[in-house]
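Every number for a ligand or one of its atoms is a count from 1 in the order of the listing. Computed from a predicted structure; not experimentally measured.
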Amino acid sequence: MEERIKTLLNEVKEYLAKDKKDLEAFRMKYISKKGAIGELFDEMRQVSSEQKKNVGKVLNQLKQTAEAKLAELVERIDSTSDASVSEIDLTLPPIPNEIGNLHPLSQTRYRIIEIFERLGFSVADGPEVEDDWHNFSALNFPENHPAREMQDTFFVEKKSSEDGQDILLRTHTSNVQIRMMEKQKPPLRAIMPGRVYRNEAISARAHCFFHQVEGLYIDKNVGFADLKQTIYHFAKEMYGSDVKIRFRPSFFPFTEPSAEIDISCLICKGSGCNVCKHSGWVEIAGSGMVHPNVLKSCNIDPEEYTGFAFGMGIERITMLRYQINDLRLFSENDVRFLRQFQSII
Ligand code: 2NL
């Protein structure tokens, strides 16, 4: 009998219960009145008096062990009674959280927008597939201007009738300004960021598409000094307050007078390096006073209103900002390049 009790003791100690059903089975098998322990107590009556003391001792031990085991199993199963919880292994290492970041060109675009918004400029957008009028004619490009040639512009559809128009991929975002001037009366103050296309062979310095921000300010009495001060403010915000700017005479069909804008080289601070080709200056934008013919094309009276406009390449500004030397990096989607621009935004 002592042997049977010891076997039961081991069984009890090693009993595994995974749910309430197993728990009830344990209680029925060992602890209930008709269970194994109860039966052994009944049998105690037949045990000889000299053995009673020993057998009684181990039997009581079995009873206590079984009751303690039951209490332990009840507690464990109650605390994990929600089946779904027990399936989650909290000790597993977490899946790494890979945070992405804005493309460097987007970061620059947002910074440009932020600066001009605080000067009261709104942000406007327009179509990338455009007609000849909004991309060329309204901007005072003569009929035979070289920019209209196939080798410079991507044409989507050549005009099919005398009164039809060529359809093309816009070569600048000026089309958005034209559309705005056609629709709204001055004062107008807006910037137009967007993608533009040119039929160029792809290299470190040229691509068949790039990004531009153009700006337009039309009102009564807007002069060249307003253009200069606006650009100077922009340059200081973008590149730091000790930056210098300079205007060089230039030509665009849509502005008169026109000027190219340079900033003092950020890399060598004017002493000469590769970036500024040893001149101490780098070009950041083109600008000018809106040509009277452009205002007339949009039904704005050039005797009453004047305005300035400017255009800059977002790639160029980003390359200067981060010292990037190959334009192709922006469109190759190589995460080794893109991850270097991880920031809080
Ligand atoms: C450059 C030069 C420029 C403009 C863009 C403009 C637009 C209208 C009327 C007059 Cl609707 N001008 N835009 C003016 C001067 C320069 O861009 O080098 N861009 C990258």
Side-chain angles (χ1 to χ4, degrees), residues 105 108-109 112 116 121-122 124-127 130-142 145 147 152-153 170-198 200 205-207 209-219 222-224 226-228 230-231 234-235 238 245-263 281-300 302 305-320 327:
L105 294 178
T108 303
R109 187 178 74 246
I112 296 170
F116 281 104
F121 284 75
S122 56
D125 202 359
E130 189 51 281
D131 55 39
D132 177 274
W133 169 258
H134 291 97
N135 194 78
F136 290 129
S137 297
L139 283 146
N140 200 36
F141 279 82
H145 193 280
D152 291 322
T153 302
R170 67 177 180 190
T171 55
H172 41 209
T173 57
S174 312
N175 67 323
V176 188
Q177 275 116 302
I178 298 296
R179 286 175 178 279
M180 182 179 252
M181 286 192 279
E182 283 175 339
K183 269 222 189 94
Q184 298 175 34
K185 288 286 132 236
L188 297 174
R189 196 155 47 181
I191 57 166
M192 293 74 177
R195 184 173 286 180
V196 302
Y197 302 83
R198 295 200 188 159
E200 302 245 18
R205 298 170 156 271
H207 213 294
F209 68 82
F210 59 96
H211 300 81
Q212 220 192 6
V213 177
E214 288 209 10
L216 181 73
Y217 180 22
I218 311 263
D219 202 350
V222 176
F224 203 89
D226 299 304
L227 165 64
K228 245 182 132 168
T230 305
I231 296 294
F234 166 75
M238 193 76 193
I245 60 165
R246 115 182 147 170
F247 282 68
R248 270 182 296 116
S250 185
F251 175 82
F252 302 108
F254 32 85
T255 46
E256 182 60 36
S258 307
E260 223 93 51
I261 304 161
D262 297 340
I263 58 164
W281 297 93
V282 279
E283 190 184 316
I284 58 154
S287 67
M289 300 307 294
V290 179
H291 197 290
N293 288 352
V294 176
L295 294 173
K296 279 186 220 156
S297 296
C298 305
N299 292 318
I300 294 172
Y305 291 104
T306 50
F308 67 73
F310 57 85
M312 51 192 140
I314 301 181
E315 277 82 353
R316 190 168 172 75
I317 293 188
T318 310
M319 287 166 97
L320 281 175
L327 201 54

Whether the Thr171 and Asn135 side chains hold a donor-acceptor pair (N or O, under 3.5 Å, no angle test) is what I'd like checked.
yes
Suppose we measure from atom 13 (N) of ligand 1 to each protein heavy atom; which comes out shortest, and what is that distance?
Glu214 OE1, 2.8 Å
Less than 4.0 Å is my threshold; does some heavy atom of Thr255 fall inside it relative to ligand 1?
yes
List the steps and the verdict of ring pair (Phe, Tyr, Trp, His ring centres under 6.0 Å) for Phe234 and Phe121.
CA-CA 12 Å; Phe234 166 75; Phe121 284 75; over 10 Å; no
Quick one: pull up CE in Met312 and CD1 in Ile191 and give me the separation to the nearest 0.5 Å.
7.5 Å
Which protein non-hydrogen atom lies closest to atom 20 (C) of ligand 1, naming both residue and atom, and how far is it?
Gln212 NE2, 3.4 Å
Quick one: does ligand 1 sit under 4.0 Å from the side chain of Leu139, the backbone, both or neither, non-hydrogen atoms only?
side chain
Taking side chain as C-beta onward, heavy atoms only, is Ile231 less than 4.5 Å from Phe247?
yes
Side-chain donor-acceptor pair present, His207, Glu315, cut-off under 3.5 Å
no
Nearest to atom 2 (C) of ligand 1 by heavy atom, Ser258, Gly286, Cys298, Gly307: which?
Gly286
For atom 11 (Cl) of ligand 1, the protein heavy atom that lies nearest, with its residue and separation
Gln177 CB, 3.2 Å
Does ligand 1 have a heavy atom under 4.0 Å from the side chain of His291, from its backbone, from both, or from neither?
neither
Would you tell me which option among Phe252, Phe254, Phe310 has the nearest heavy-atom contact to atom 10 (C) of ligand 1?
Phe254
Taking everything shown except Lys183 itself, do over 12 heavy atoms lie less than 6.0 Å from its NZ?
no
Region of Met181 engaging ligand 1 - heavy atom pairs below 4.0 Å:
side chain
Asn175 side-chain N/O to Ile178 backbone N/O, donor-acceptor pair under 3.5 Å:
no
In the protein, what heavy atom is nearest to atom 3 (C) of ligand 1, and what distance, to one decimal place, separates them?
Gly311 N, 3.5 Å
Report, as yes or no, whether the 6.0 Å neighbourhood of atom CZ on Arg205 holds more than 12 heavy atoms from other residues, nucleotides or ligands.
no
Option with minimal heavy-atom separation from atom 12 (N) of ligand 1, where the choices are Ala309, Ser174, Pro253, Ser287
Ala309
